[in-house]
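Small disclaimer: the values here were computed from a predicted structure and weren't measured. FYI, side chains are in, hydrogens and waters are out, and symmetry mates aren't considered; it's all heavy atoms of this structure. Residue numbers count from 1 along this sequence.
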Amino acid sequence: MRLNDPLVTSFVFEDKEYDIDLSFDTVLDVFDYLNDDTLREYEKVEICLSLLLGRQQYDEEKMVKLWNYIYENFIEIKYAQPTEYDLLGNPLPKRKEENKKVIDFEKDAEYIFASFQQAYGMNLFEQQGKLHWHEFQALLNGLPTDTIMQRIIQIRLWKPSKHDPREYKEQMRKLQKVYALENVEEEPS
């Protein structure tokens, strides 16, 4: 996202211009279909293109190329972490938790809604069809630490420290189970 570029509402692909609906609710619908295990891959692509571009006919090869272009350039959530270097200038290995999923748009929907309402006075239901995906991502990433969604993220990312009191560790582990996106493994105290 660049502040001096307009939000994407159309793009050119292989010499053809396409109008695209990148409202946050449409993109969330796209994610729902991408995660639907009952659909075949080509069905997912057809449905997602239909949601984003409206009903059109494509040959199979162009459909896949077009989908990949749209996903990589406009939808994909990139968690770019800066590369850290040691004293000799060698890149350090990436930590596992840097790529850890900390938000699930379906499971966290009410927390995201409440956090946007608290932080921005914004009712996301009223923003459907209006709020662009890139705006939504920027606002989500910029949520203040006192919102429920940011607190849940902190809980999910928490790792015990040897300086933490035993009661605090127990409380945090219980909270991690409550807010887990997947099964949480027990860690030694």
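In terms of modelled atom types and a separation under 3.5 Å, the side chain of Lys107 and the main chain of Leu181 share a donor-acceptor contact. Without hydrogens or angle criteria, Asp59 side chain to Lys62 main chain gives a donor-acceptor distance under 3.5 Å. The main-chain N or O of Leu53 is found under 3.5 Å from a side-chain atom of Gln56 such that the two form a donor-acceptor pair. Panel note: side chain Glu135, backbone His132; a donor-acceptor pair is recorded below 3.5 Å. Side-chain N or O atoms of Lys44 include one that pairs as donor or acceptor with a backbone N or O of Leu34 at under 3.5 Å. A distance-only check finds a donor-acceptor pair linking the side chain of Lys130 to the backbone of Glu126 [under 3.5 Å]. At least one donor-acceptor pair under 3.5 Å links the side chain of Gln176 to the backbone N or O of Ile155. A side-chain donor-acceptor contact under 3.5 Å links Ser115 to the backbone of Met149.
A 4.5 Å side-chain heavy-atom check between Arg156 and Ile152 finds at least one atom pair inside the cut-off. Residues Leu22 and Ile75 have side chains in contact (heavy-atom distance under 4.5 Å, counting atoms from C-beta outward). Contact check for Asp32 versus Phe105: no side-chain heavy atoms found under the 4.5 Å cut-off. Between Leu51 and Tyr33 there is a side-chain heavy-atom pair separated by less than 4.5 Å. Here the side chains of Gln118 and Ile148 are not in contact, with every heavy-atom distance at 4.5 Å or above. By the 4.5 Å heavy-atom criterion applied to side chains, Glu43 and Arg40 are counted as neighbours. Residues Met63 and Leu66 are not in side-chain contact: their nearest non-hydrogen atoms beyond the backbone lie 4.5 Å or more apart. Within the 4.5 Å cutoff, side-chain heavy atoms of Val8 are placed close to those of Ile20.
Considering CG of Leu131 and CG of Leu7, their distance stands at 9.0 Å, rounded to 0.5 Å. In this structure, CE in Met122 is found 10.0 Å from CZ in Phe136, a value given to the nearest 0.5 Å. Put simply, CD on Gln117 and OG1 on Thr147 are 12.5 Å apart, with the number rounded to the nearest 0.5 Å. Annotation: the span from Tyr42 atom OH to Glu60 atom CD amounts to 8.5 Å, rounded to 0.5 Å. Here the CG-CD distance, from Leu124 to Glu110, works out to 13.0 Å after rounding to the nearest 0.5 Å. Taking CD from Glu46 and CD from Gln57, the interatomic distance works out to 8.0 Å, rounded to the nearest 0.5 Å.
Under the 4.5 Å side-chain heavy-atom criterion for Ile, Leu, Val, Met, Phe, Trp and Tyr, Tyr71 and Leu28 are members of the same hydrophobic cluster. Linking Ile, Leu, Val, Met, Phe, Trp and Tyr whenever their side-chain heavy atoms come within less than 4.5 Å leaves Val64 and Tyr18 in two separate clusters.
The residue from Trp67, Tyr69, Tyr58 that alone fulfils the ring pair (Phe, Tyr, Trp, His ring centres under 6.0 Å) condition with Phe13 is Tyr69.
Aromatic ring orientation, Phe74 versus Phe11: tilted (interplanar angle from 30° to 60°).
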Should Leu52 and Ile70 be marked as a side-chain contact (heavy atoms from CB on, under 4.5 Å) after you check the CA-CA gap, both sets of side-chain angles, and the distance that decides it? CA-CA 9 Å; Leu52 297 165; Ile70 291 170; 3.9 Å; yes
Report the C-alpha distance between Tyr179 and Asp108 in whole Å, list the side-chain angles of each, state the deciding distance to 0.1 Å, and finish with yes or no for side-chain contact (heavy atoms from CB on, under 4.5 Å). CA-CA 9 Å; Tyr179 295 115; Asp108 294 329; over 6 Å; no
Mind running side-chain contact (heavy atoms from CB on, under 4.5 Å) on Ile103 and Ile112 for me, showing each step along the way? CA-CA 9 Å; Ile103 294 178; Ile112 294 169; 4.0 Å; yes
If you apply the rule side-chain contact (heavy atoms from CB on, under 4.5 Å), what do you find for Tyr168 with Trp158, and how did you get there? CA-CA 11 Å; Tyr168 180 73; Trp158 176 81; 3.6 Å; yes
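A donor-acceptor contact under 3.5 angstrom links the side chains of Ser10 and Glu17, judged on distance only. Counted by atom type alone, Asp21 and Thr26 present one or more donor-acceptor pairs between their side chains at under 3.5 Å.
Look at Arg173 and Glu170 and you find no salt bridge, because none of the NZ, NE, NH1 or NH2 atoms lies under 4.0 Å from a carboxylate O. Note on Lys159 versus Asp164: no salt bridge recorded, every NZ/NE/NH1/NH2 to OD/OE distance being 4.0 Å or above.
Taking the six-membered ring for Trp and the full ring otherwise, the centers of Trp133 and Phe31 sit less than 6.0 Å from each other.
Within 6.0 Å of atom CD in Glu14, more than 12 heavy atoms from other residues, nucleotides or ligands are found, so the atom counts as buried in its surroundings. The 12-atom threshold is not exceeded at CD of Glu61, counting heavy atoms of other residues, nucleotides or ligands nearer than 6.0 Å. In this structure, Asn4 places its CG atom where more than 12 heavy-atom neighbours from other residues, nucleotides or ligands lie under 6.0 Å away.
Considering every non-hydrogen atom in both Ala119 and Leu143, the closest pair reads CB-CD2, 4.0 Å.
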